[in-house]
Number of protein chains: 2
Amino acid sequence: MIEKLDRRQKYTRKVLKESFIKRMQEKPLSAITIKEVCESADINRSTFYSHYKDIYDLAFQIEDNIIEDISATLSAYNYSKNEEALQMTEKLLEYIAENRDSCQTLFSEHGDPRFQKKVMMLAHTHLLKTLEVENTNVPYNSEYLSLYIANGSIHVVQHWLKSGMKESPKEIAELITKLAKRGLSSFSDTPPMFSI
Amino acid sequence: MIEKLDRRQKYTRKVLKESFIKRMQEKPLSAITIKEVCESADINRSTFYSHYKDIYDLAFQIEDNIIEDISATLSAYNYSKNEEALQMTEKLLEYIAENRDSCQTLFSEHGDPRFQKKVMMLAHTHLLKTLEVENTNVPYNSEYLSLYIANGSIHVVQHWLKSGMKESPKEIAELITKLAKRGLSSFSDTPPMFSI
DNA sequence: TATTATAATAAACTGTGTGTTGATTAATTA
DNA sequence: TAATTAATCAACACACAGTTTATTATAATA
């Protein structure tokens with residue numbers, strides 16, 4: 001069921017969301033009050049409550065738009081095909097680069113950890129699929145492997161965003177893919193050892 | 001300057017900390033009020049303020065004890081010696097296993113993300129040292145590599161704690177070390193590729 | 001153990017944000 | 001233009017934060 005929104009409602013939600021993101025550039029979610037978001041958006045506080053349950057509900061709805069976009073990007077690729085993993089990662093990073101403003105804020109230290117967790121779980125689930133399809137001989141519970149890779153990767157992206165995106169999406173995508181596949185040995189001269 | 005504490009003060013802080021951890025098992029930091037912590041600890045709210053600035057200050061002090069312990073463990077090992085990396089990881093996991101109760105809560109989804117970040121940065125810094133000592137030919141900024149490994153590892157530990165610590169500290173230590181060194185290729189039959 | 005010092009308590013008070021309600025005003029759309 | 005619906009305004013009860021002051025209880029120590 002798709003909501004049909006009045007122009008006024010569209011405007012209200014738009015400015016509330018913008019005001020919220022602006023606040024989040026300065027302080028963490030838990031320190032942001034409904035009152036200040038409304039004041040800076042010039043929207044009556046009563047109106048806020050006819051759109052959102054509380055401040056977390058507003059945050060949730062902002063985050064969800066991005067989650068949906070990311071999910072769509074992930075679904076567009078076939079994971080059983082190994083070559084597409086790199087392409088997909090690159091595509092994802094390009095999306096983030098395009099939506100620099102909101103992504104940078106949501107992934108920052110002020111960002112909602114639940115959001116970051118959601119993105120991570122999305123990546124995690126997709127990774128699990130790949131691992132199970134292409135690698136049936138994984139000894140440990142793939143759960144651990146996938147969590148490791150998803151979280152490592154997300155923090156690389158986080159650092160990339162934080163430090164001003166000096167590298168291209170392609171470069172970061174390659175770095176992430178290499179680390180997942182061969183870890184540190186990707187970057188050393190010596191051939192990888194077969195036992196530690 | 002070491003604070004010399006009255007018995008009464010020791011008791012007050014002890015029960016407040018215990019009460020806080022108990023609350024945190026049920027809800028996130030941001031939802032915990034000073035009022036409820038004091039009531040469940042049977043300590044007057046005024047007394048709370050003579051010990052802590054606010055609820056975050058209390059959280060901070062609990063977390064700091066653990067941070068110090070972890071830091072001490074990390075410092076006890078020589079990172080330039082490759083063999084010790086595994087030993088150290090194991091030692092760290094043993095510490096966590098011993099302090100199961102508080103660690104499990106602090107690392108859970110209700111736990112303070114700042115704490116988790118602090119632990120991560122600690123691991124990150126120590127890792128950087130190793131990387132720089134033993135691997136001078138790392139092409140990228142080691143920052144990325146270290147962040148990747150530290151975060152991946154922490155989430156493996158988090159999952160381990162959450163799912164009831166079925167594996168031994170040794171097993172998890174080996175898993176983490178393998179993933180860092182050779183990534184997924186540690187677990188596949190086929191020899192690792194030299195380019196992706 | 002009696003004295004002194006200090007910590008904890010109790011009660012009151014101000015302040016700030018929350019969440020709700022009902023009447024009023026303004027904008028939208030058909 | 002009329003009917004509908006959204007936003008505003010003002011007022012309210014409520015909960016928790018943070019501070020203050022006087023009082024009571026406990027600990028350290030001479």
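First the proteins, then the strands, lettered A, B, ... as listed; each starts at 1. Owing to the predicted nature of the structure, the values given are computational and were not obtained by experimental measurement.
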* Between B:Met88 and B:His126, is any pair of side-chain heavy atoms under 4.5 Å apart? -> no
Let me know the distance between [atom1] of [X] and [atom2] of [N], rounded to the nearest Å.
X	N	atom1	atom2	value
A:Tyr49	D:dT8	OH	P	15 Å
A:Leu58	C:dT18	CG	C1'	16 Å
A:Tyr11	C:dT28	OH	C1'	16 Å
B:Tyr52	D:dC16	OH	C1'	20 Å
A:Ile34	D:dC14	CD1	P	19 Å
B:Gln9	C:dT6	CD	C1'	8 Å
A:Ile55	C:dG17	CD1	P	12 Å
B:Lys10	C:dT6	NZ	P	17 Å

Is the phosphate of [N] approached by [X] (side-chain N or O, under 4.0 Å from OP1 or OP2)?
X	N	value
B:Asn44	C:dA10	yes
B:Ser46	D:dG18	no
A:Thr12	D:dA6	no
A:His51	D:dA7	yes

Out of [options], whichever nucleotide has its closest atom nearest the side chain of [X]:
X	options	result
A:Lys35	C:dG17, D:dA17, D:dA27	C:dG17
A:Arg7	C:dT29, C:dG19, D:dC9	C:dT29
B:Thr47	C:dA8, D:dA7, D:dG18	C:dA8
A:Asp54	D:dA6, C:dG19, D:dG18	C:dG19

* Check: A:Ser40/A:Ser19 side-chain N/O donor and acceptor closer than 3.5 Å -> yes
* Asked: Going by distance alone, is a donor N or O of one side chain under 3.5 Å from an acceptor N or O of the other, for B:Gln25 and B:Gln104?
  -> no
* Check: D:dT26 base within 3.5 Å donor-acceptor of B:Arg8 side chain -> yes
* Asked: Between the base of C:dG17 and the side chain of A:Arg45, is there a donor-acceptor distance below 3.5 Å?
  -> no
* **Minimum heavy-atom distance A:Leu122-A:Leu74, with the two atoms named** => CG-CD1, 3.8 Å
* Asked: Can a salt bridge be assigned to the pair B:Lys14 and B:Glu18 using a cut-off of 4.0 Å between side-chain N and carboxylate O?
  -> yes
* To do: Classify the nucleic acid contact of B:Thr33 as base, sugar-phosphate or nothing, counting any heavy atom under 4.0 Å across all strands shown.
  => sugar-phosphate
